[in-house]
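Every chain is numbered from 1 and lettered A, B, ... according to where its sequence line falls, protein lines coming before strand lines.
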Amino acid sequence: MSEHGQGHIINYSTLVTVWLALLVLTATTVAVSRLDLGALNIWAALGIACCKMSLVVAFFMHMKYENRLFQWFLFIALVTLTIFIGLTFFDVLYR
Amino acid sequence: MKPADMLNTQQGVDSAFMFIFWVSLLFLAGITVAMIYFVIRYHHSREPRPTSDKDNNLLLEITWTVIPTILVGAMFWYGWAGYLALRNVPEGAMEVAATARMWSWNFAYPNGKTSPKLIVPAGKPVKVSLTSLDVLHSFYVPAFRIKRDAVPGMDNYVWFNAERTGSYDIFCAEYCGVGHADMLSTVEALPDHEFEEWYQGKTATSQQDRAKELLGKYGCLGCHSLDGSKMVGPSLQGVWQREVVVLTEGAERKITSDEAYLRRSILQPGAEIVKGYPPVMPSFEGQISEDELHELMEYFQSQAEPKSGQLPGAALAASQGCLGCHSEDGTPRVGPSFKGLYGSRQVVLKNGQKLTLTADREFLTRAIREPASEVAEGFQPLMPPYPALTNEQLEQLLDYLESLR
Amino acid sequence: WSVLSFFMVGVLLGLLIRLELIAPGFNMMSPQMYNSLFTLHGVVMIFLFIIPGIPAAFGNLVMPIQIGAEDVAFPRLNLLSWYLYITGAALAVFSLFTGGGPPDTGWTFYVPFSARTTTNVSLAVFGVFVLGFSGILTGLNFLTTIHRMRAKGMTWTRMPLFTWSLYATAWVQVLATPILAITLVLIMAERILSAGMFDPAQGGDPVMYQHLFWIYSHPAVYIMILPGMGVVSDIIPVFARKPVFGYKAIAISSVAIAAAGSLVWAHHMFVSGMSDLAVLIFSALTFLVAIPSAIKVFNWVTTLHRGSITLDPPLSFALCFIFLFSIGGLGGLFLGAAATDVHVTDTHFVVGHFHYVMFGGTGFAFFAAMHYWLPKYFGRMYNKNIANLSCVIMFIGFNLVYLSMQIVGYEGMPRRYYDYLPQFATLNLISTVGSWILATGLIVMFVNLFRGLRHGEPVGRNPWGGASLEWMVATPPPLENFDGEVEVTHGPYDFKKAGVL
Amino acid sequence: MSEAGHHKDYEGAKLGMWLFLFTELLLFGGLFILYGVYLNRYPEAFKAGGDKLNVFFGGGNTVVLLTSSLSVAVGISALQKGNKKLCLGMLWVTIGSALLFLVNKFFEWSAKISHGIYPGSAHLKEMIPGESVFFGLYYITTGLHGIHVLLGAGILTWVATLVRSDKVHQGDFVTLENAGLYWHLVDLVWIFIFPLYYLIL
Ligand code: HEA
Ligand code: HEA
Ligand code: CUA
Ligand SMILES: [Cu+2]
């Protein structure tokens with residue numbers, strides 16, 4: 001264990017690359033929303049948002065370099081949220 | 001049992017209940033007995049040192065995971081089957097629409113008839129669709145094990161089959177404010193023909209007809225008139241709660257003819273004789289049944305009720321839910337009582353200021369149209385406005401209030 | 001600050017007294033007052049007493065020592081959480097005297113009623129919001145502490161079961177409480193901005209409110225009970241003088257309850273108009289939670305087998321816990337089965353159920369914990385015989401109160417009724433009389449406890465012969481708990497190795 | 001743990017922060033549940049509502065937030081490398097972005113409100129059912145998010161002063177890192193708000 005708690009330092013260039021990628025994705029999501037894909041629109045929007053989220057979490061928030069425990073925790077939190085949403089829909093969709 | 005075969009709503013619920021109950025009782029007893037036995041048997045005075053330090057046994061753990069799992073599985077299944085029976089309405093059920101509001105029920109029938117009580121034919125399935133005009137309520141009839149929320153903006157339903165005639169309590173089971181506990185009604189399950197009579201005709205007449213039939217059947221009308229004229233006995237007009245002077249073994253007493261008295265004078269007519277009449281009436285004890293007596297009493301009572309009972313405004317007050325908060329007999333409930341309201345002096349709060357005014361037509365109109373603008377002192381500003389009320393209906397309500405002054 | 005946290009619970013209890021006792025008196029107050037009363041009773045009991053109760057009071061005191069840490073991970077955060085708690089409590093109390101009068105919605109704050117009533121709901125809701133925040137902080141503090149601050153040799157399987165239960169609880173607090181927070185924010189938005197989120201006239205759906213509310217509030221009931229189960233798991237082996245039976249099973253079942261407990265919220269909504277498929281799923285999931293609870297009960301009872309049992313007050317309370325919790329939990333099975341729930345939901349059967357689990361369960365566990373750990377922290381012992389006597393009185397009173405409630409509920413008496421039909425009178429009378437007995441027992445217990453802690457016999461390090469770490473430090477524990485590094489070499493119930501057998 | 005573990009437990013501090021972020025995530029999660037349910041119920045009304053929101057405000061704010069996220073991240077790397085000046089500069093950029101975001105939001109909201117679209121307004125009640133739900137949710141979600149932006153800006157300002165006075169430095173930067181984490185979360189939430197509210201057409 002290093003002195004600064006795995007103080008992995010991320011290069012500026014990596015950060016900027018990620019930022020660019022995020023901007024590109026933003027443009028994409030706006031563009032996609034102009035197409036008429038029916039119900040797919042919302043899923044496309046969510047999919048892209050999830051990509052953006054992963055980028056931010058992995059690089060800006062250093063999750064990629066944290067230890068396993070953190071990743072597990074994140075996973076638990078996300079699964080919980082998914083379950084809350086999912087189970088609610090069993091009511092709403094089938095009413 | 002397949003849900004489709006269910007003839008009523010109780011069976012499924014009760015069998016599930018019994019199953020869970022016995023399993024639970026068994027486990028509870030087992031655990032309790034084991035606990036007590038261990039505490040006594042292994043008390044330190046008997047066993048100064050522990051005789052084992054075994055701290056796990058996989059087989060045991062598995063056993064007591066698997067057995068409860070199976071049991072709860074069965075419980076779940078029973079519960080679900082019973083629930084399905086509650087949801088699958090048999091074909092051909094009569095449909096009644098129940099509307100809940102703070103704090104009363106109103107039931108509307110396919111032919112447009114409405115009633116504050118749920119009057120149904122016994123032995124036939126009835127489907128009650130539920131809506132609410134304001135907040136959540138819940139339609140609960142313990143006798144049929146049914147309950148479902150009435151949610152504004154949502155259509156819910158229950159069904160039941162009252163296999164025997166009788167009167168069953170309806171409760172509001174979802175908390176809905178001050179009047180929650182008073183939001184009661186009943187299911188009145190009538191024999192088929194009576195229901196038809198009620199359903200086709202007017203409530204009052206059918207009851208009246210039945211009573212007259214009885215009075216005829218037992219020959220009462222031979223001696224008692226219904227129009228106030230004296231015959232052999234006193235007239236039955238206005239007999240309910242009337243002040244009379246009676247002779248009890250020769251001594252004069254002044255009494256009010258309440259239900260107890262009226263019953264006595266039918267069953268033991270000799271005990272008290274109204275002054276001025278001969279003691280000739282025969283006893284009807286053993287002839288007239290309790291049901292019939294009850295019917296007569298209700299008839300007398302209904303005859304005695306003030307005229308307002310027949311005014312169209314009275315029906316409105318019931319169907320619009322006014323009576324959920326305002327009484328007709330002077331007791332203050334959520335709102336002031338209607339009795340004596342018309343024309344009385346009232347202290348009201350308007351924009352935080354106290355005003356004293358007379359409850360005339362004008363004031364009462366405002367009180368119904370914009371209830372929040374002036375609120376009678378000591379009451380909460382809870383009353384909803386009634387935009388859907390027509391002017392004509394309003395007039396009817398005012399007439400009705402006037403009749404109660 | 002730990003002493004403070006105890007103090008607050010004390011103050012709180014004092015505050016509750018009036019509230020509870022009045023509840024069964026039916027004829028002496030107006031309906032509006034009755035409605036405010038059970039609302040406050042519910043809010044205070046749930047949010048002020050039973051949720052923070054064991055974790056905040058005993059968790060903070062005992063848990064760090066049990067894992068060999070000098071304090072929790074974020075002591076300052078803990079202090080903040082305590083201030084928030086006081087603020088929240090103050091707000092809730094404040095809401096009684098200001099605005100349109102005390103809230104009258106029930107502790108569930110169901111819309112549309114809560115959005116319409118003229119009473120002071122907003123402030124009370126805000127108070128609860130603040131309390132929720134306080135709970136979140138406690139939760140994340142515990143998680144971090146348990147992950148990061150275990151002493152050398154304190155492996156996961158050497159953690160006392162009380163700590164395990166707090167660990168599971170903390171997860172629930174962290175992941176479920178935010179949903180409560182947002183729900184409460186929405187009520188305020190509804191009232192203040194008339195946002196119409198749940199207003200059918202504007203296209204909202206009142207049933208969605210219930211989903212959001214119970215997504216938190218069901219897991220919350222496991223926030224209440226898990227620490228109680230932890231206490232009992234710690235106490236039983238000590239007084240049976242043998243290692244707890246099925247350590248792993250109990251630890252895992254704590255986590256399992258926390259996990260499965262998050263999936264069952266809609267069992268409170270079987271008659272709400274929810275879809276039938278949802279009823280099917282949530283009913284099935286509900287039964288899943290019963291299994292780990294059953295496992296725990298069986299393991300506790302088996303721990304007694306072939307031990308050498310001393311019936312000291314902590315054990316008496318713990319055994320009462322098992323019995324009462326079992327009744328409550330088995331009653332929960334009736335509620336979990338769809339058909340039977342339709343009949344008994346929103347009746348006094350439910351009221352009986354949750355008093356059995358909350359009061360008979362968590363409440364008795366709390367009393368057990370007081371009798372178990374407080375001598376350690378005050379250095380003095382209460383009178384054991386009187387404590388046992390009070391336990392018996394309470395046990396009798398308790399069953400009178402709540403068993404009759406369950407029966408009257410089964411007969412069809414709805415809850416939140418200030419007045420009832422004559423057929424329910426007898427059982428209600430029994431219940432009320434029972435509550436007096438119960439109160440007597442409580443008073444005896446508290447008086448004895450307080451007297452003992454001030455004037456009782458001094459006790460040493462380890463009055464009960466426990467093997468977990470809190471019994472190894474001085475009595476009362478010093479500020480930093482341990483002097484120097486700790487190394488743990490044996491399990492929490494290994495009485496032989498701990499040299500206390 | 002090391003002797004000084006009590007105050008310098010980086011992992012612990014970060015763990016606590018992450019747990020806190022989860023609670024924030026679920027807080028907004030509650031709103032997203034509602035969003036999902038109502039979108040499902042009133043797809044048309046939500047489209048109509050989305051149409052009335054201005055993509056340029058929304059898109060602009062997205063870029064602002066993404067950029068601010070970059071600047072904190074760079075700021076952290078800078079401090080880790082010992083470049084205090086760059087770090088401070090980056091922090092100011094971030095805080096500036098936050099303010100820019102809020103100003104934008106202010107104009108957007110006031111435009112809406114002047115059109116009579118605000119919770120409880122008479123205009124909303126006349127629209128097709130569901131649209132008022134859409135705007136209700138929109139105001140609550142963006143409002144709550146706005147509060148978080150404000151809080152985040154406050155925290156960053158506080159940390160910036162700590163960096164200035166060398167209380168937070170190359171050897172002890174958890175506070176900065178945690179503040180950064182918080183800020184990223186604010187950004188994350190917006191990443192979802194943007195397509196869900198502004199882009200359903
Ligand atoms: C401490 C709090 C606590 C706990 C632990 C529980 C535990 C359980 N609860 Fe309870 N519950 C509440 C607090 C709690 N509850 C509250 C406060 C309400 C009402 C809220 C309100 O509306 O105001 C409520 C309401 C409530 C309802 C909704 C009722 C309604 O309103 O319609 C339901 C329905 O499923 C339910 C079910 C259960 C179940 C299945 C368990 C299970 O976890 C129980 C598991 C335990 C056992 C099963 C007993 C022990 C095991 C044995 C003795 C072995 C034998 C067992 C088997 C063979 C299975 N509860
Ligand atoms: C922890 C939770 C808890 C506890 C312990 C209790 C304890 C009690 N509760 Fe409560 N109750 C709830 C939680 C709790 N309740 C909740 C959540 C509701 C639902 C509210 C709603 O519907 O919204 C409810 C509702 C509720 C109702 C139903 C109201 C209705 O639906 O109409 C009733 C009715 O009898 C009742 C009675 C009681 C009684 C008699 C006690 C008694 O057991 C209390 C006995 C205790 C005392 C009498 C205190 C005496 C103590 C001392 C004297 C100690 C001295 C202290 C010091 C010196 C510090 N409660
Ligand atoms: Cu209507 Cu309760
Ligand atoms: Cu529950």
Could you tell me which of [options] has the largest number of non-hydrogen atom pairs under 4.5 Å with chain C?
options	answer
B/M35, B/R46, B/R41	B/M35
B/S138, B/A34, B/C176	B/C176
B/E47, B/M154, B/R145	B/R145
B/V158, B/L60, B/I146, B/V39	B/V39
B/T32, B/V141, B/D14	B/T32

Are [X] and [Y] packed together at the side-chain level, in the sense that at least one heavy-atom pair is separated by less than 4.5 angstrom?
X	Y	answer
B/R87	C/V279	no
B/V13	C/V342	no
B/W80	C/L280	yes
C/F287	B/M75	yes
B/F38	C/T302	no
C/S308	B/R49	no
C/I252	B/E61	no
B/E174	C/D346	yes

Under 4.5 Å from a heavy atom of chain C, the part of [X] involved:
X	answer
B/L136	both
B/L58	neither
B/N57	both
B/Y140	side chain
B/L184	side chain
B/P48	backbone

Open item on the list: Is the ring pair B/F27/C/F298 parallel, tilted or perpendicular, if the boundaries are 30 and 60 degrees?
Closed with: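 Ring orientation of B/F27 relative to C/F298: tilted.
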- [ ] Step by step, work out the side-chain contact (heavy atoms from CB on, under 4.5 Å) result for B/L28 and C/F323.
- [x] CA-CA 8 Å; B/L28 186 67; C/F323 181 76; 4.1 Å; yes
Report which part of [X] has an atom under 4.5 Å of a heavy atom belonging to chain B: side chain, backbone, both, or neither.
X	result
C/S114	neither
C/F270	backbone
C/L304	both

Open item on the list: Is it the case that the side chains of C/D276 and B/Y83 hold a donor-acceptor pair, with the cut-off being a distance below 3.5 Å and no angle test?
Closed with: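 Side chains of B/Y83 and C/D276: pair found under 3.5 Å.
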So which of [options] has the biggest tally of heavy-atom pairs under 4.5 Å with chain B?
options	value
C/S253, C/S272, C/A249	C/S272
C/V244, C/L288, C/L315	C/V244
C/A290, C/G204, C/S283	C/S283
C/P243, C/A294, C/G307	C/G307
C/V297, C/L311, C/N299	C/N299
C/I327, C/T347, C/L319, C/T345	C/T345

Task: Considering all heavy atoms, the nearest B/I31-C/V301 contact - done: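 Heavy atoms of B/I31 and C/V301 come nearest at CG2-CG2, 4.0 Å.
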Open item on the list: Using the rule given for side-chain contact (heavy atoms from CB on, under 4.5 Å), can you reason through C/Y417 versus B/C172, listing the C-alpha separation, both sets of side-chain angles and the distance that settles it, and then say yes or no?
Closed with: CA-CA 10 Å; C/Y417 266 33; B/C172 173; 4.2 Å; yes
Determine whether a donor-acceptor pair (N or O, by modelled atom type, separation under 3.5 Å) exists between the side chain of [X] and the backbone of [Y].
X	Y	answer
B/Y175	C/D104	yes
B/K147	C/V271	no
B/H180	C/R415	yes

Only distances under 3.5 Å count here; give the side-chain donor-acceptor pairs of residues 328-340 of chain C to other protein atoms, sequence neighbours excluded, each with its distance to 0.1 Å.
| residue | atom | partner | partner atom | Å |
| --- | --- | --- | --- | --- |
| C/T340 | OG1 | C/F334 | O | 2.6 |
| C/T340 | OG1 | C/A337 | O | 3.1 |

